[in-house]
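To start, the structure itself, in C-alpha cells.
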Amino acid sequence: MSPAGHLLTLLLLVSTSLAQEKAAVPEARCGASFSDPHKPVQIQAQADSECTYTIERPSNETTRVIFSLLQLNPSADCSNENITIFDENYEVLGVLCPNSPKIAVYESPGNVYITVTTDSTTRQRTAYLLYYSLTADNAVDCGGNLRGYAGTISSPNYPNRHPPFALCVWHLEVPKNTKIKLSFTEIFIEIDPDCRFDLIALYDGPDTNAPLLDVLCGRKVAELETTSNFLTLLFSADYANSYFGFSVSYSVVPQHEDGALSCSGDSMTVVLGPNYINSLGYTANDLTLSNSSCVAQSASPIVFEVPFYGCGTVRKVEDNLIYYTNVIHANPSGKVITRHKELQFIVTCELESNSTVEVMYLTSNDLIHQQQGSGKYDVSLAFYETQDFIDPVLDSPYFIDLNESAFLQASVKTQDPDLTVFVDSCFASPSADFQAPNYDLIRNGCEKDDTYHNFPSGSGYARFSFSVFRFLDAHTSVYLQCRVVICDINDPGSRCKQGCITRQRRALGSTVWKTNAVLGPIRLKHHSQSEAAGSIGETKDVVKTDQSSLYVVGISVLVVNVLILALVLMRYYRKEPTSYRYLPVPTAQN
Ligand SMILES: *[C@@H]1O[C@H](CO)[C@@H](O)[C@H](O)[C@H]1NC(C)=O
Ligand SMILES: *[C@@H]1O[C@H](CO)[C@@H](O)[C@H](O)[C@H]1NC(C)=O
Ligand SMILES: *[C@@H]1O[C@H](CO)[C@@H](O)[C@H](O)[C@H]1NC(C)=O
C-alpha cells in the first residue's frame, strides 16, 4: 500500500473511533447547564415537555452555537413546538420551528439559554448542537463574497487539514439570468450519517435564510446547480477530526439553454451555453463581437463582457430611451467555406435608472437570436468644496453655514462620453419623508430659488449651486430630493437641451418620468470661521465642541436625498422574427 493509502487507512480508523465517541455523546439532562469552553450537546425530548439548557459563559466572551441536526415533530405547529435561543438578557436570538432548515448558527456574548418546547404528540425529538467560545486562538479567517463567472472555493488550508472551530460562509453572485453549477472535486471531512460534526451546507440564495440545497460531509464528489444567480456555501468544523476539507469549482450556466444577457449601467454580460454553441457546430473561439477583435473573456463558460463604448456597440436613442446593441457573430476560423448556418446573437440593453426585467426572444429557424434586457445607470450626487468642482467633499457628515454656497455635481458612471446629465427638479423638505412644507429649488428645469445657479454641464455630469437655508419653525434639518435625467449629448431635441418647460409644453412631450434610486443622506458641513446668516436672527459666537452645539446655535444640517429620474421602458416580448423594432438585423457576411 502506498504511504498515502496507509495514511488514509489510519485516518479512517481514527475517524471511526472518534466518530463513535462523538456519536455516543450522552443525551443532555433536561435543564442541564454547561460550562466547558466547548461541547457537543445532544438533546432528546418527549411529548409535552419544556426544558431550558444553559451555556454558562462570562459576559466578555462570545459563544457560537451551531445546530446541525433538528428533528422535531414535522406536523407540529411552531407556536406549540419549537426551540427558542435566548441571549444573556433573555432576548430572543432565534426560534427553530419544526420545519426550519436543520442548520442554524447563533453568536452571542455571555450566557446562552436554549428552551425546547414540545407538543402532545408522542414521538422522539432530537437536536444536536455544538457550542464554543470564540477566542483569538481559534479564530479562522475564511469565507467571503465572490463574483465572476468561474472559480474555486476550498476549505482553509486545503489540501492540508482544515483547522478546528472553522465557520466559513461564502456568498457567490453571478450575472442575472444565469445560475451556478458546482462541482466538488473532493470532499474529505468527518463522516456522520447526519453530518452533525463537520459539514458543508449549500443554500439556494444570497444568504443562509435561503432554502437548503444540500448538506454534505464524509468522502465524496458531488455536483449540483442553483436555481438563481446566488449561492451561499457554509462550512463548519468542530473541535476534532480535521481532514483535508473540500474543494469545489463553480461556473455560470445560462438559465435558458441558449444564453443569458445581463445589463449593468456600464456594460452587458452575455453568457452562452458551450453545449448549445457546440451543437450548432461552433466553439467559443469562433465567436466575436461586431468588432471582430473583441473576443470572449472566458471560453468555458462562454462569457462576453460587452462594453457600452467600443467593440462595435451601437447606441441608439429613441423616444427618449437609450439602447446599446452589439452582435455576437460566428466566424468559423481558417475555413474557406462553411456548411454551418450563420449564427448571430443580437444583444440589446435598454437603460433606465432602476429595475431589471430581461426580455429574450429567439427564432430558431434562421438562427438569429435576440436578447433584450434593461439595466440601470449608476448616478451619484456629490458636494464639492468650490465652484471649480475639483475636490469632492469626502467628509461625512458635511456641515455648512447658512447662506454659504453649496456646490453639487450629479454624475453618471459610464464609459460612454456621449451621455449628459440634466437636473430636472430639486425640492427641499424639513423631514426625510418629504412631507410639507416643501420648497422648490428647481422644477421641470425652471429655477424657483433666486440663489439656484446652473453651471455648464458636460460629458457625464451636471453641476449646480444654491445658498444654504433652513426652514423656520425650529427645523434644523433640510432634506433635498432631486430628479436627474440622462440624455444623448448630441441630441438637440433631448430633455437635457430643453431647459425650463411649462406644464403645457410638458404635456406634449413624449418623455415619461420615473423616479427611483435613493442616495444619501449627505450633510452639509459647518465652517466655524465664516459669517452666520443674519436673516433668521441667529447668533454664532460659540466654538463648537460637539455636534449638539451645532443645533444650539441653529446651524442648518442639510441632508440630501437624490431621487434619480429615469426614462420609462417600453417592454415588449414578441416571438416573430419581424419584430425587431429597434434595429435592423445585420445581414450575413456581406
Ligand atoms: C474576561 O474577564 C476575565 C476577568 O474579568 C478575564 O480574566 C478574562 O481574561 C477576560 N476574557 C477576555 C476574553 O477578555
Ligand atoms: C415557541 O414555543 C413557545 C412555547 O410553546 C411559545 O410561547 C412561543 O410563542 C413559540 N414561538 C414561536 C415563534 O412560535
Ligand atoms: C423602480 O421604481 C418604481 C417606481 O419608483 C418602483 O415601483 C419599482 O419597484 C422600482 N423597481 C426596482 C427594481 O427597484
Side-chain angles (χ1 to χ4, degrees), residues 145-151 171-182 204-206 225-232 250-277 284 287-290 294-316 321-328 344-362 369-379 412-416 486 516-517 566-567 569 571-573 582-583:
N145 295 314
L146 301 170
R147 286 167 164 270
Y149 330 120
H171 302 275
L172 260 74
E173 185 182 349
V174 297
K176 279 176 298 177
N177 301 325
T178 66
K179 53 190 177 175
I180 302 166
K181 188 175 169 190
L182 290 166
D204 197 9
E225 246 177 44
T226 59
T227 57
S228 75
N229 59 328
F230 293 100
L231 170 88
T232 304
Y250 64 88
S251 102
V252 295
V253 286
Q255 288 195 359
H256 300 283
E257 173 203 54
D258 46 297
L261 167 66
S262 161
C263 301
S264 77
D266 214 17
S267 68
M268 48 182 134
T269 304
V270 185
V271 179
L272 302 175
N275 295 342
Y276 181 65
I277 298 300
L287 304 176
T288 68
L289 293 181
S290 296
C294 295
V295 299
Q297 265 70 23
S298 153
S300 178
I302 303 175
V303 179
F304 283 91
E305 253 338 320
V306 186
F308 282 173
Y309 193 71
C311 284
T313 302
V314 175
R315 178 166 41 78
K316 185 173 168 78
L321 299 175
I322 298 176
Y323 302 88
Y324 293 94
T325 298
N326 207 312
V327 181
I328 297 171
Q344 294 183 342
F345 221 104
I346 302 166
V347 286
T348 298
C349 283
E350 309 168 332
L351 267 283
E352 58 172 346
S353 80
N354 75 344
S355 99
T356 46
V357 175
E358 262 73 42
V359 183
M360 178 180 108
Y361 68 83
L362 61 99
H369 302 244
Q370 172 145 353
Q371 291 214 356
Q372 187 129 359
S374 61
K376 61 177 182 181
Y377 282 118
D378 188 356
V379 180
V412 57
K413 181 174 168 286
T414 179
Q415 298 164 343
D416 187 341
I486 297 158
N516 18 49
L567 310 167
L569 172 68
R571 290 200 190 83
Y572 67 100
Y573 182 92
Y582 298 111
L583 51 138

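All values reported here derive from a predicted model rather than from experimental measurement. As a basis for the values below, the full set of heavy atoms in this structure was taken, side chains included, without hydrogen atoms, waters or symmetry mates. For this chain, numbers begin at 1 and follow the sequence in order.
The nearest pair of heavy atoms linking Gln255 to Ser228 is NE2-CA, 3.6 Å. Looking at every heavy atom in both residues, Cys263 comes nearest to Lys176 through O-NZ, 3.4 Å.
A donor-acceptor contact shorter than 3.5 Å is absent between the side chain of Asn326 and the backbone of Val347. Formation of a donor-acceptor pair under 3.5 Å by the Thr232 side chain with backbone atoms of Pro206 is found in this model. Listed for the Asn177 side chain is a donor-acceptor partner under 3.5 Å among the backbone atoms of Leu261.
Rounded to the nearest 0.5 angstrom, Arg147 CZ and Leu172 CG are separated by 10.5 Å. Rounded to the nearest 0.5 Å, atoms CG (Leu272) and CG (Leu287) are 6.5 Å apart. His256 NE2 to Thr178 OG1: the interatomic distance, rounded to the nearest 0.5 Å, is 11.0 Å. Annotation: the span from Ser290 atom OG to Ile346 atom CD1 amounts to 9.5 Å, rounded to 0.5 Å.
Remark: Thr226 pairs with no residue by the side-chain hydrogen bond (donor to acceptor under 3.5 Å, both in side chains) rule, at least two apart or across chains. Residues that satisfy the side-chain hydrogen bond (donor to acceptor under 3.5 Å, both in side chains) test with Glu225, not counting sequence neighbours, are Lys179.
Residues Leu289 and Val327 have side chains not in contact (no heavy-atom distance under 4.5 Å, counting atoms from C-beta outward). At least one side-chain heavy atom of Ile322 sits under 4.5 Å from a side-chain heavy atom of Arg315.
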List the atom pairs, donor and acceptor, that lie under 3.5 Å between side-chain atoms in residues 299-312 and the rest of the protein, sequence neighbours left out.
from   : atom 1 : to     : atom 2 : distance (Å)
Glu305 : OE1    : Thr269 : OG1    : 2.9
Glu305 : OE2    : Tyr149 : OH     : 2.6
Glu305 : OE2    : Thr269 : OG1    : 3.4

